[in-house]
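Only one structure is covered here, and it is reproduced in the block below.
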Amino acid sequence: QVQLVESGGGSAQPGGSLSVSCSGWRYVRSGNCLGWFRQAPEKEREWVAWGYIDYYNTVSSSYSDSVKGRFAISLDNDKNTISLQMNSLKPEDAGLYYCAARTGGCTKDPSDYPTWGQGTQVTVSS
């Protein structure tokens, strides 16, 4: 049973934009952290960003240095959906993007997240 459903992604040229979204009423909710990770071929999975949903249903976020200033997390409470907007894309942003959920505070370690989406592909090339 899929509890986190990802959508979006696709292909873009360098400098372009894409977004990926993660939905799931059970996990995209207050008190939970949603992390974004990506994995390029033959590379380890790396942390990209996280968003913590507080008890006012607002999201605070943090980003890796490689995407800071280009990526942004947003939350749609009505749809239990959290999204990652990716701007000024670079070829090195390409990979399989995953969202993952955990209860409580956020970490950058993928092993701390017990629930994962199915992944969505992002391709950046000219």
Fill in: Sidechain N-carboxylate O distance under 4.0 Å for D93, K90
no

Practice prompt. Taking Q118 for its side chain and E6 for its backbone only, find out whether a donor-acceptor pair lies under 3.5 Å.
Written response: yes

Discussion item. Looking at N57, is its backbone amide N or carbonyl O close enough to the side chain of N77 to form a donor-acceptor pair, meaning the two atoms are under 3.5 Å apart?
Written reply: yes

Worksheet item: Do you know which of R45, E44, E46 makes side chain to side chain donor-acceptor pair (under 3.5 Å) with Q39?
Response: R45

Discussion item. When you compare the side chain of V67 with that of R38, does any pair of heavy atoms fall below 4.5 Å?
Written reply: yes

Worksheet item: So how far is it from Y52 OH to S30 OG, rounded to the nearest 0.5 Å?
Response: 7.5 Å

Fill in: Heavy-atom pair of closest approach, residues P114 and A101
CD-O, 3.2 Å

Worksheet item: CH2 of W47 to CG of D112: how many Å apart, nearest 0.5 Å?
Response: 13.0 Å

Item to complete: List in chain and number order the residues that pass side chain to side chain donor-acceptor pair (under 3.5 Å) with S83, two or more places apart in sequence or in another chain; answer none if no residue qualifies.
Response: S21

Worksheet item: R102 pairs by side-chain contact (heavy atoms from CB on, under 4.5 Å) with which of T107, L34, T115?
Response: T107

Worksheet entry | 4.5 Å side-chain heavy-atom contact, P14 and P91 | yes

Practice prompt. Indicate yes or no for a side-chain donor-acceptor contact from D76 to the backbone of T81 under 3.5 Å, with no hydrogens or angles considered.
Written response: no

Fill in: L18 CG to T120 OG1 distance, which is reported to the nearest 0.5 Å
9.5 Å

Worksheet item: Under a 4.5 Å cut-off applied to non-hydrogen side-chain atoms, are I53 and N32 in contact?
Response: no

Practice prompt. Start with the C-alpha gap between N80 and S23, add the side-chain angles, then the distance that decides, and say whether side-chain contact (heavy atoms from CB on, under 4.5 Å) holds.
Written response: CA-CA 6 Å; N80 293 109; S23 301; 5.9 Å; no

Worksheet entry | Reported OG-to-CD1 distance for the pair S62 and I73, which is rounded to 0.5 angstrom | 8.5 Å

Worksheet item: For W50 and V59, what are the C-alpha separation, side-chain angles and deciding distance, and is it a side-chain contact (heavy atoms from CB on, under 4.5 Å)?
Response: CA-CA 10 Å; W50 56 246; V59 64; over 6 Å; no

Worksheet item: Between Y113 and F37, is the gap from one ring center to the other below 6.0 Å?
Response: yes

Item to complete: Check the angle between the aromatic planes of Y98 and W116 and answer parallel, tilted or perpendicular using the 30° and 60° thresholds.
Response: perpendicular

Worksheet item: Just by modelled atom types, is the Y27 backbone N or O under 3.5 Å from a matching donor or acceptor in the W25 side chain?
Response: no

Item to complete: Could you walk me through whether L75 and T58 pass side-chain contact (heavy atoms from CB on, under 4.5 Å), step by step?
Response: CA-CA 8 Å; L75 176 67; T58 60; over 6 Å; no

Worksheet entry | Shortest non-hydrogen separation from I82 to W36 and the atoms involved | O-CZ2, 3.7 Å

Discussion item. Looking at every heavy atom in both A12 and S17, which two are closest together, and how far apart are they?
Written reply: CB-O, 4.2 Å

Worksheet, complete the sentence: So OG of S19 and CE of M86: to nearest 0.5 Å the spacing works out to 7.0 Å

Practice prompt. Could you check C22 against Y97 for side-chain contact (heavy atoms from CB on, under 4.5 Å), going step by step and ending with a plain yes or no?
Written response: CA-CA 10 Å; C22 181; Y97 278 68; over 6 Å; no

